[in-house]
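What follows is a short report on a single structure.
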Amino acid sequence: MSDQSLFNVAVVGATGAVGEQILRLLAERNFPIKSLKLLSSARSAGKRVAFKGRELTVEEATPDSFKGVDIALFSAGGDVSRALIPRAVEHGAVCIDNTNAYRMDPDTPLVVPEVNIDKVAEHKGIIANPNCSTIQMVAALKPLYDRFGISRIIVSTYQAVSGAGAKAIDEMLRQTGEVLAGRDANPDILPVSSLPVKHQMAFNVVPQIDKFQDNGFTLEEMKMIKETKKIMGDDTIEVTATCVRVPVVYGHSESVYVELKQDYDLGEVKALLADAPGIVVTDDPSRQLYPLATEAAGKNEVFVGRIRRDLSNPRALNLWIVSDNLLKGAAWNAVQIAEHIAIPQR
Ligand SMILES: NC(=O)c1ccc[n+]([C@@H]2O[C@H](COP(=O)([O-])OP(=O)(O)OC[C@H]3O[C@@H](n4cnc5c(N)ncnc54)[C@H](OP(=O)(O)O)[C@@H]3O)[C@@H](O)[C@H]2O)c1
């Protein structure tokens with residue numbers, strides 16, 4: 001490969017739950033890297049991280065970190081993206097952002113490669129990676145949208161604690177031990193680290209992901225509603241969401257009711273899903289086969305099962321959609337976009 005087709009890459013949030021997976025995927029996929037910068041807060045600066053048999057030193061992310069960087073993958077929270085992405089763009093980097101900072105910005109494409117990869121071409125330096133629970137839902141619904149049209153979606157999520165970062169995983173595992181030993185769970189991070197009230201996560205189900213909005217929905221629920229319309233490019237799709245945290249480490253599960261615009265044949269729906277890129281149909285009730293978070297964990301695909309006709313509306317169907325939130329929900333979606341920029345023919 002000539003030097004011109006190698007890229008100077010920066011990973012911001014390299015020590016986090018998403019950043020760690022981005023690094024693993026860049027190595028596994030043999031991404032064409034000329035140089036790799038690992039950036040974090042001052043807390044992790046100096047830490048050594050292995051990459052393809054070498055040890056790289058993590059640096060504190062500053063506005064000057066992006067000189068000479070071609071592609072920057074951000075997963076260090078919305079505030080960091082808002083502060084540093086404009087500087088990275090000034091330095092000429094294309095930024096792929098996993099946070100909420102630019103997703104609804106009209107100038108920023110919001111991309112799920114299986115749905116709207118063509119939007120990447122419209123970027124002005126920033127490409128946003130959607131919210132994890134939205135990515136897996138739209139990836140599964142796109143083939144049905146293209147064939148039948150979609151008028152309405154009602155989704156309830158069962159989201160893993162890894163969706164709230166590495167510290168939330170540690171908290172849930174610690175609490176599990178504490179509660180089994182008969183001690184207090186001492187919640188400290190979940191449901192929302194910046195809010196004063198915390199709830200036990202181990203052995204519990206918590207109907208709050210992110211902060212409540214004035215309309216009674218949480219921010220996570222509003223992300224699903226707004227981002228679905230933007231990614232599908234269709235404001236007429238009605239969406240309602242209830243987002244719930246469950247004591248699962250990796251993999252978000254979703255119960256999705258979808259109303260199509262036309263009558264449909266269930267066999268055709270299953271065939272469309274089975275043929276769709278990035279989708280795996282796991283659906284055989286006679287053998288108790290359906291998608292499970294434990295089986296989706298560590299995989300890049302979106303798993304769909306429990307595909308059945310709704311009994312109250314002949315144009316509606318019900319689905320169970322599961323995917324690893326750290327992979328298709330974040331790191332893999334971002335690396336797919338980076339590959340599209342770096343190696344469009346792949
Ligand atoms: N987890 C998911 O499933 C998921 C899915 C989609 C999107 N996201 C988004 O991705 C982002 C990261 O999520 P995560 O789960 O990986 O969180 P995490 O495990 O808590 O990791 C956060 C990362 O950001 C770095 N960081 C924090 N403050 C920083 C600062 N001021 N400057 C530079 N780096 C800073 C941390 O570095 P230190 O080691 O120095 O603290 C760490 O590397 C969030 O915005 C989240 O909403 C997450």
Side-chain angles (χ1 to χ4, degrees), residues 10-25 37-49 56-66 72-85 87-88 95-103 110-112 127-137 157-172 188-194 209-211 218-220 223-224 227 243 245-246 248-253 293 296-298 322-337:
V11 176
V12 188
T15 51
V18 174
E20 193 185 327
Q21 295 304 320
I22 290 176
L23 293 178
R24 185 182 62 75
L25 286 164
K37 246 184 203 186
L38 308 188
L39 302 169
S40 73
S41 78
R43 284 182 296 275
S44 291
K47 204 174 154 183
R48 312 277 289 168
V49 172
L56 301 177
T57 304
V58 178
E59 296 168 40
E60 182 181 359
T62 69
D64 289 336
S65 303
F66 301 94
L73 296 122
F74 278 79
S75 61
D79 290 344
V80 175
S81 288
R82 274 184 283 270
L84 294 182
I85 282 181
R87 306 302 300 275
C95 299
I96 302 169
D97 186 25
N98 267 292
T99 79
N100 191 30
Y102 294 95
R103 287 180 189 151
L110 184 63
V111 174
V112 177
I127 300 153
N129 223 41
N131 165 260
C132 43
S133 38
T134 310
I135 292 180
Q136 65 184 66
M137 184 175 80
T157 69
Y158 305 69
Q159 295 184 223
V161 291
S162 56
K167 287 189 183 140
I169 302 175
D170 293 344
E171 165 160 279
M172 205 273 286
D188 183 40
I189 292 172
L190 292 166
V192 183
S193 61
S194 60
I209 300 183
D210 220 317
K211 295 177 181 165
T218 63
L219 184 57
E220 183 84 352
K223 286 178 195 170
M224 288 198 83
E227 292 179 23
C243 292
R245 189 79 71 194
V246 292
V248 164
V249 180
Y250 302 110
H252 290 352
S253 304
V322 181
S323 196
D324 189 324
N325 49 294
L326 292 179
L327 297 180
K328 186 58 190 161
W332 171 232
N333 201 74
V335 170
Q336 279 180 299
I337 295 168

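Counting starts at 1 for both ligands and their atoms, following the listed order.
Residue Leu326 approaches ligand 1 through these ligand atoms, each under 4.0 Å from one of its heavy atoms: 1 (N), 2 (C), 3 (O). Near Gly329, the atoms of ligand 1 lying under 4.0 angstrom from a non-hydrogen atom of the residue are 5 (C), 6 (C). Close approach of ligand 1 to Ala166 is summarised as follows: ligand atoms under 4.0 Å from at least one heavy atom of the residue are 18 (P), 19 (O). Those atoms of ligand 1 with a heavy atom of Gly13 less than 4.0 angstrom away are 23 (C), 24 (O), 25 (C), 43 (O).
Counting non-hydrogen atoms of neighbouring residues, nucleotides and ligands closer than 6.0 angstrom, the OH atom of Tyr102 exceeds 12 such neighbours.
Side chains of Asn325 and Gln159: a donor-acceptor N/O pair is absent below 3.5 angstrom, by distance only. Looking at Asn131 and Ser133, their side chains do bring a donor and an acceptor atom within 3.5 Å of each other. Side-chain contact annotation: Glu59 with Ser65, donor-acceptor N/O pair under 3.5 Å absent.
Nearest protein neighbour of atom 4 (C) of ligand 1, counting heavy atoms only, is Val18 CG2, 3.6 Å. Remark: minimum distance from atom 9 (C) of ligand 1 to any protein heavy atom is reached at Asn98 O, 3.6 Å. Ser162 O, 2.9 Å is the protein heavy atom nearest to atom 1 (N) of ligand 1. Arg43 NH2, 3.5 Å is the protein heavy atom nearest to atom 28 (N) of ligand 1. Nearest protein neighbour of atom 40 (O) of ligand 1, counting heavy atoms only, is Ser41 OG, 2.5 Å. Among protein heavy atoms, the minimum distance from atom 17 (O) of ligand 1 is reached at Gly165 CA, 3.8 Å. What sits closest to atom 30 (C) of ligand 1 on the protein, heavy atoms only, is Val80 CG2, 3.3 Å. Of the protein's non-hydrogen atoms, the one nearest atom 5 (C) of ligand 1 is Ala330 CB, 3.5 Å.
An N or O contact shorter than 3.5 Å is missing between Cys132 and ligand 1 by distance. For Asn325, a nitrogen or oxygen atom sits less than 3.5 Å from a nitrogen or oxygen atom of ligand 1, counting backbone and side chain alike.
Electrostatic pairing of Arg82 and Asp79 counts as a salt bridge here, judged by a charged N lying under 4.0 Å from a carboxylate O.
For the pair Leu84 and Leu39, the minimum side-chain heavy-atom distance is 4.5 Å or more. Taking 4.5 Å as the limit, some side-chain heavy atom of Ile169 sits within range of a side-chain heavy atom of Tyr250. Within the 4.5 Å cutoff, no side-chain heavy atoms of Leu56 are placed close to those of Leu23. Looking at Val112 and Lys328, their side chains come closer than 4.5 Å, going by heavy atoms from C-beta outward.
In this comparison of Ala76, Ser81, Ser65, the heavy atom closest to atom 26 (N) of ligand 1 sits on Ala76. The closest heavy-atom contact to atom 11 (C) of ligand 1, among the options Ala61, Ala168, Ser75, Gly16, comes from Ser75. Of all the listed residues (Leu327, Ile189, Thr15), Thr15 holds the heavy atom that lies closest to atom 43 (O) of ligand 1.
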Candidate pair Thr99 and Val80, rule side-chain contact (heavy atoms from CB on, under 4.5 Å), full reasoning: CA-CA 9 Å; Thr99 79; Val80 175; over 6 Å; no
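Of the inter-residue distances, the one linking Arg245 atom CZ with Asp210 atom CG reads 9.0 Å to the nearest 0.5 angstrom.
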